[in-house]
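For reference, the structure is listed below as structure tokens.
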Amino acid sequence: MIGLFAAISAAVAVAAGAFGAHGAAGQQEAEWLRTGGLYQLIHAVGALAVMGVARGPAAMLLAGSILFAATLYAMALGAPRWLGAVTPIGGALMIAGWLWAAWTMPRG
């Protein structure tokens, strides 16, 4: 299931970036879509890369990137700006996912 969610996450990221480039209401909205899409895409690929060795960290990377990006996407589409206070939680999950992945990687 992680691979399925990662692939869908990557597709959503590309769509958000395209919308940011061509249909965003303003410069700030375009930047939110671009940033969310970039982080979501990178972490979808990262989750695919580590899922064979570390499924928990892969899931955490996806969860963090989806939370991070979703709050930015929502604000770009008109949600209240206070939602931006939730965005760093997604960032913290992404950082924790990478640290967890580092901890679980084979050493040798």
Side-chain angles (χ1 to χ4, degrees):
M1 291 299 286
I2 291 173
L4 172 66
F5 286 121
I8 292 170
S9 184
V12 169
V14 172
F19 183 69
H22 303 290
Q27 185 62 33
Q28 180 63 64
E29 290 81 2
E31 186 60 31
W32 284 330
L33 290 164
R34 185 173 19 262
T35 300
L38 176 63
Y39 277 71
Q40 187 175 8
L41 182 59
I42 288 169
H43 287 81
V45 173
L48 288 170
V50 302
M51 72 180 200
V53 177
R55 296 185 73 73
M60 186 173 281
L61 290 173
L62 281 177
S65 67
I66 290 168
L67 179 61
F68 179 89
T71 57
L72 294 176
Y73 299 160
M75 289 190 307
L77 297 173
R81 295 238 176 149
W82 63 259
L83 195 56
V86 177
T87 307
I89 297 169
L93 288 172
M94 288 185 285
I95 293 166
W98 284 117
L99 292 172
W100 187 10
W103 182 262
T104 62
M105 287 294 142
R107 289 158 180 73

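Side-chain atoms are counted along with the backbone in the values below, which use heavy atoms only and exclude waters and symmetry mates.
A13 and G37 make their closest contact through CB-O, 3.4 Å (heavy atoms, listed as atom of the first residue, atom of the second, distance). Closest approach of G20 and A30 over heavy atoms only: O-CB, 3.4 Å. Between L93 and G64, the shortest heavy-atom distance links the atoms CB-CA, 3.5 Å. The two residues G36 and A69 come nearest to each other via the heavy atoms O-CB, 3.5 Å. Annotation for G97 and P57: closest pair O-CB, 3.6 Å, computed over non-hydrogen atoms. Across every non-hydrogen atom of L48 and G3, the tightest pair is CD2-CA, 3.8 Å.
Between L72 and L33 the shortest side-chain heavy-atom distance does not fall below 4.5 Å. Looking only at side-chain heavy atoms (C-beta outward), W98 and M60 stay at 4.5 Å or farther from each other. Side-chain contact between F19 and L77: present, with at least one pair of heavy atoms (C-beta onward) separated by less than 4.5 Å. Counting heavy atoms from C-beta on, the side chains of Q40 and Y73 come closer than 4.5 Å.
By the criterion of side-chain heavy atoms lying less than 4.5 angstrom apart, applied directly or through intervening Ile, Leu, Val, Met, Phe, Trp or Tyr residues, I8 is grouped together with M51 in one hydrophobic cluster. I2 and M105 are assigned to two separate hydrophobic clusters, defined by single-linkage of ILVMFWY side chains at heavy-atom distances under 4.5 Å. Placement of V12 and W32 in two distinct hydrophobic clusters is found when ILVMFWY residues are connected by side-chain heavy-atom separations under 4.5 Å, directly or transitively. Linking ILVMFWY side-chain heavy atoms closer than 4.5 Å, directly or via other members, places L61 and V45 in two distinct hydrophobic clusters. At a threshold of 4.5 Å between side-chain heavy atoms, the hydrophobic network of Ile, Leu, Val, Met, Phe, Trp and Tyr places M94 and L67 in one connected group.
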Q.
Between T35 and F68, is the side-chain contact (heavy atoms from CB on, under 4.5 Å) condition met? List the steps.
A. CA-CA 10 Å; T35 300; F68 179 89; 4.1 Å; yes

Q) Would Q28 and R81 count as a side-chain contact (heavy atoms from CB on, under 4.5 Å) if you check the C-alpha gap in whole Å, the side-chain angles of each, and the deciding distance to 0.1 Å? A) CA-CA 12 Å; Q28 180 63 64; R81 295 238 176 149; 4.2 Å; yes

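A donor-acceptor contact shorter than 3.5 Å links the side chain of S65 to the backbone of L62.
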